[in-house]
Structure formats: C-alpha cells, structure tokens
Amino acid sequence: MNTTSTTNAAGESLVQVQRDGGIVTVVLNRPEKLNAFTIDGWRLLGDTFLELNDDDSVRCIVLRGAGEKSFSPGNDISEFETSRSNKKQAVAYGAVMRRTIESLANCRHPIVAQIHGICVGGGLEIASLADIRICGESSRFGVPIKNLGLVMSYSELSPLVRLVGPTVALQVLLEGTIFDASEALRLGVVTRVAADDQVAAEAQATARRVAEGAPLVARWHKKFVRNLMAGTPLTDADRDEAFDCFDTEDFRTGYRAFLAKEKPQFNGR
C-alpha cells in the first residue's frame with residue numbers, strides 16, 4: 001500500500017517558505033533523507049511556486065535544501081516499490097513532476113539556487129530551472145539514472161538541455177558520472193562556486209542585488225529570454241512590449257535617482 005506524507009521525520013512541512021521582505025526562501029525540507037523527493041514533496045513544491053508566481057510582492061526566490069549536506073539527491077528510491085513500480089504508476093507520478101517543473105520554468109520571479117553538497121538526479125533538474133546557481137566547493141553533481149535502468153522524461157530533460165545544450169546533457173546522461181563543482185562550472189551547470197561556508201551568504205547577497213532592481217524589469221527580462229529560447233518568430237506585439245517599461249513609474253524612479261545620484265526605491269508599478 002502506498003502511504004504518503006506532506007511532513008518530514010520531524011513533523012515539519014516537506015517544503016518550507018521563509019520571507020525577508022521581497023526575498024522568499026523556499027526550502028526542500030527532508031534533511032533526514034538528504035532532501036530526497038517524494039511525490040508529495042514534488043506536489044508541494046509545485047503548489048508553492050504557483051502561489052509565489054502570483055504574488056507581486058516577491059522580488060527574488062532563493063531555492064535551497066535543508067541543512068548543508070545536500071540540495072537534493074533526486075527522487076527517493078524507496079518510493080519506487082509503491083509509487084513507480086510500473087508504467088501506469090510512473091505516468092501518474094510523472095504528471096506531478098511535470099506540473100512542478102513547469103511551475104518553476106514559468107515562474108516570472110528571478111530564482112537563485114543555493115546549492116550545498118549533493119545535487120544529483122531530480123535535484124539537478126530542479127537546480128537547472130533556477131536563473132542563477134551558486135554552489136559550494138565540495139558540491140557534487142550528476143544524473144546517474146542509467147544505473148537504475150531509468151530514462152529521463154522530456155519534461156525532466158528539457159531544463160538540463162536548455163541550460164547546458166544537447167552535447168553536455170548527453171555526456172552527463174550517457175556516462176552517468178558524478179562530477180565536482182569545478183567541472184560543473186566548466187560545463188555551465190552552475191553560475192559560480194563559493195567556499196562551502198560562504199554559499200548561503202553569497203546566495204543571499206545575490207538575491208539582495210536582484211531584489212534591489214526594478215521587479216517589472218526582472219520579470220520582463222525572464223519573459224523575453226524565454227521567448228528567444230522558444231525559437232518561434234517574434235511578433236510585432238512581442239517587440240513592442242520591450243518598450244512598455246517607458247510608461248512605468250519604476251522607469252521614472254530609476255532615471256531620476258540616477259540623475260540625483262541616489263539609490264532608487266522601486267515599487268513595481
């Protein structure tokens with residue numbers, strides 16, 4: 001019988017949300033299992049990002065795993081026996097994963113991945129959906145699912161391919177090796193590497209820099225990059241939208257603050 005739970009061993013939610021002004025930290029909260037995903041963990045993460053996406057007060061989201069041993073090693077293998085033992089179950093499980101992956105991929109707010117330790121399998125899929133990825137020197141990465149006889153579905157594969165391209169994605173999948181932070185930086189898996197004890201500080205400093213900018217601009221830039229990556233021809237309306245910023249209060253705030261040599265205080269209007 002398949003039993004599910006939305007809480008970890010300590011009775012806390014599998015996904016926690018912490019707020020500091022416009023910066024929201026989303027925590028994958030299953031430290032007793034190195035933050036491995038269950039189907040409920042996937043579902044809660046999707047719910048969380050769908051809710052945050054609709055919140056205009058959000059300026060930046062930091063996504064991390066609980067503790068400093070692991071971001072996430074991916075799916076909890078022990079759940080396969082009850083939740084993914086055949087194709088029918090796997091399709092249903094995959095639908096939950098797809099919803100969550102798409103909720104992160106379509107999130108209009110900037111996302112910073114704060115990566116401690118292990119970032120493997122589904123953990124790497126989730127981290128790939130962040131706009132900026134910061135890891136520690138001892139972090140480890142990979143997708144060794146070939147050793148489980150598993151295929152990465154299209155929805156899971158697309159963030160990795162968009163991030164590093166088809167050649168590197170196939171290298172990671174076909175070899176199935178675990179690689180270190182310096183290799184992750186070389187391959188483009190992470191944005192930058194910090195000392196292990198400085199990862200949190202660097203991620204928060206990054207989030208503050210993002211949050212200090214005009215939030216409408218950040219959302220437009222994310223949208224425009226997605227449009228360019230989609231490969232479909234831009235319409236006249238698409239191109240015209242790039243000039244909507246000139247009618248915003250944030251634009252007037254920004255250029256006036258620049259002329260006055262002051263720090264702008266944007267309100268997202």
Side-chain heavy atoms of [X] within contact of [Y], under 4.5 Å:
X    : Y    : result
P159 : E125 : no
E68  : V199 : no
F141 : I115 : yes
V62  : V26  : no
I126 : L45  : yes
I111 : L129 : no
R133 : V112 : no
L28  : F71  : yes

Does [X] come within less than 4.0 Å of [Y], counting only side-chain N to carboxylate O?
X    : Y    : value
R186 : D180 : no
E175 : K146 : no
D55  : R19  : yes
D47  : R99  : yes
R98  : E102 : yes
R239 : D236 : no
E202 : R209 : yes

Which distance, rounded to the nearest 0.5 Å, do you find between the [atom1] of [X] and the [atom2] of [Y]?
X    : Y    : atom1 : atom2 : result
H109 : C60  : NE2   : SG    : 10.0 Å
R64  : N29  : CZ    : CG    : 10.0 Å
N106 : N53  : CG    : CG    : 8.0 Å
T25  : Q204 : OG1   : CD    : 4.5 Å

Looking only at side chains, do [X] and [Y] share a donor and an acceptor under 3.5 Å apart?
X    : Y    : result
Q89  : S85  : yes
D250 : T248 : no
D40  : T38  : no
E156 : S153 : yes

side-chain contact (heavy atoms from CB on, under 4.5 Å) involving D244 - partner list, sequence neighbours excluded: W220, D240, E241

Heavy-atom closest contact (D196 atom, S138 atom, distance): OD2-OG, 2.7 Å

Ring geometry between F243 and F246 (parallel below 30°, tilted from 30 to 60°, perpendicular above 60°): parallel

Joint hydrophobic cluster, V225 plus F49, side-chain heavy atoms closer than 4.5 Å: no

